[in-house]
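In this chain, residues are counted from 1 in sequence order.
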Amino acid sequence: MLKVVSLPDSSVQSVSIQRAVSQRAVSARRGGFVHGTKIATPEGWKSVEHMAPGDLVRTLNDGVREIRRISTDTVAIPSGETRAECLPVHVPSQAVGNKRPVWLLPEQGVAMKLKKLDSSMSGLSIVPARLLGGKGELRSHAPATMFEVTTLFFDQAEVIIIEGGLLAYCTACRFRRQAAVGQPTYEVLGDDAAAEYIEAMARNGNFSAITDPSVAPPKVIHKNSVSPMRPTLGVRRSGRPGRPSATVLVMRARQQN
């Protein structure tokens, strides 16, 4: 398995691969997440390569959602490739509040909070990551000549949180094209409109439009929460002379299995 490893000096390296693997490699002009990227889940951060269909992921607007399908591929970048549309975007540590370097594939959708650009606007718009190259500390170049990526699919299009609070757009499964009633829809911008929004963000020097620091790092969400309540009338509490020394955990009836 190929994996891009983040090093303290922000450099990356890849493990050696067999010739048979290189013959199956696909183009970098796609979306997905480079192996090593952390995804926000109810249990905390989890590397994308360790996720499987059925796992739960935290989303920006829809709470917790289940992964319906996963696709893993090997990406190959020819030596000497310089075209931005064919190169991932490197987000150095601390560039957008991220503690570790993050790589975004060129066609990976990134959600922008329009209110951060203009207080009169609202909602989210999706821009391709390749247009972020060259803005601030973000640069377009190859993490390695070959590396593995994983793409996540949900029942509906979702915006999930990856490390650094970056807002990543994931499409729906092919067999679930229609959005459910009340399901948020996201506008995927063309290059001209996306470039205009990104330029406005870069001029302000505030990349909070593509991040949500309030949800990173995620807190553990317990499936069966315990709510404290007063003991039943007549039952002695612990901690005083003549009362039980053992702590008694009282759960509401609706929370008991």
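Atom CD of Glu43 and atom CZ of Arg58 lie 10.5 Å apart (nearest 0.5 Å). How far CG of Leu87 is from NE2 of His141: 9.0 Å, rounded to the nearest 0.5 Å. Put simply, CD on Glu85 and OG on Ser140 are 9.5 Å apart, with the number rounded to the nearest 0.5 Å. Of the inter-residue distances, the one linking Cys86 atom SG with Arg29 atom CZ reads 5.0 Å to the nearest 0.5 angstrom. The CE atom of Met51 sits 12.0 Å away from the OG1 atom of Thr72 when rounded to the nearest 0.5 Å. In this structure, SG on Cys170 lies 5.0 Å from CG on Leu152, to the nearest 0.5 angstrom.
One finds no salt bridge joining Glu163 and Lys99 here, because no Lys/Arg side-chain nitrogen approaches an Asp/Glu carboxylate oxygen to under 4.0 Å. Note on Arg130 versus Glu107: salt bridge recorded, some NZ/NE/NH1/NH2 to OD/OE distance being below 4.0 Å. A salt bridge links Glu81 with Arg83: the closest approach of a Lys/Arg side-chain nitrogen to an acidic carboxylate oxygen falls below 4.0 angstrom.
What you find for Ala157 and Tyr186 is that their closest heavy atoms are O-CE1, 3.8 Å. Of all heavy-atom pairs spanning Gly133 and Val89, the tightest one is N-CG2, 4.1 Å. Summarising the geometry of Pro128 relative to Ile198, their closest heavy-atom pair is O-CD1, 4.5 Å, with the distance given to 0.1 Å. The two residues Ile126 and Gly109 have their closest heavy-atom pair at CG2-CA, 3.7 Å. Across every non-hydrogen atom of Glu66 and Phe154, the tightest pair is O-CD2, 3.2 Å. The minimum heavy-atom distance linking Phe147 with Pro88 is given by the pair CZ-CG, 3.9 Å.
In this structure, Leu167 and Ile161 have side chains that are in contact, with non-hydrogen atoms separated by less than 4.5 Å. No side-chain heavy atom of Lys113 sits less than 4.5 Å from a side-chain heavy atom of Ile210. Residues Val110 and Leu104 meet the side-chain proximity criterion, which asks for heavy atoms closer than 4.5 Å. Side-chain contact check for Ser93 versus Pro101: some heavy-atom pair is nearer than 4.5 Å. Within the 4.5 Å cutoff, the side chain of Lys38 has no heavy atoms near those of the Ile162 side chain. Using a 4.5 Å heavy-atom cutoff, the side chains of His90 and Leu138 are not in contact. At least one side-chain heavy atom of Leu105 sits under 4.5 Å from a side-chain heavy atom of Arg30. Looking at heavy atoms from C-beta onward, Arg65 lies out of side-chain contact with Leu56 at the 4.5 angstrom threshold.
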request  = Evaluate the side chain to side chain contact (heavy atoms under 4.5 Å, CB included) criterion for residues Ile160 and Phe33: first the C-alpha distance (whole Å), next the side-chain angles of each, then the deciding distance (0.1 Å), finally the verdict.
outcome  = CA-CA 12 Å; Ile160 67 172; Phe33 305 103; 4.0 Å; yes

query = Checking side chain to side chain contact (heavy atoms under 4.5 Å, CB included) for the pair Leu114/Ser125: CA distance, chi angles, key distance, verdict?
reply = CA-CA 7 Å; Leu114 302 183; Ser125 288; 3.6 Å; yes

key: Stepwise side chain to side chain contact (heavy atoms under 4.5 Å, CB included) test for Leu117 and Met112   = CA-CA 9 Å; Leu117 304 179; Met112 297 191 71; 3.8 Å; yes

task = Could you walk me through whether Val75 and Glu148 pass side chain to side chain contact (heavy atoms under 4.5 Å, CB included), step by step?
result = CA-CA 6 Å; Val75 168; Glu148 286 190 343; over 6 Å; no

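Side-chain atoms of Arg69 and Thr151 include no donor-acceptor pair closer than 3.5 Å. Remark: the His35 side chain and the Thr150 side chain contain an N/O donor-acceptor pair separated by less than 3.5 Å. Ser71 and Asp73 are linked by a side-chain donor-acceptor pair at a separation below 3.5 angstrom, with hydrogens and angles left out of the test. Between the side chains of Asp118 and Tyr197, no donor N or O sits under 3.5 Å from an acceptor N or O.
Within a 6.0 Å radius of CG in Asp192, no more than 12 heavy atoms belonging to other residues, nucleotides or ligands are found. Heavy atoms from other residues, nucleotides or ligands lying under 6.0 Å from NZ of Lys135 number more than 12. No more than 12 heavy atoms of other residues, nucleotides or ligands sit less than 6.0 Å from atom CD of Glu196.
Between the side chain of Asn98 and the backbone N or O of Val96, at least one donor-acceptor pair lies under 3.5 Å. Side chain of Asn61 to backbone of Val159: no donor-acceptor contact under 3.5 angstrom is found. Under a 3.5 Å cut-off, the side chain of Ser208 and the backbone N or O of Thr211 do not form any donor-acceptor pair. Side chain of Gln108 to main chain of Tyr169: a donor-acceptor pair is present (N/O by atom type, distance under 3.5 Å, no hydrogens or angles). Although no hydrogens or angles enter the test, the distance criterion places a donor-acceptor pair under 3.5 Å between the side chain of Thr59 and the main chain of Asp62. Without hydrogens or angle criteria, Arg100 side chain to Gly36 main chain gives a donor-acceptor distance under 3.5 Å.
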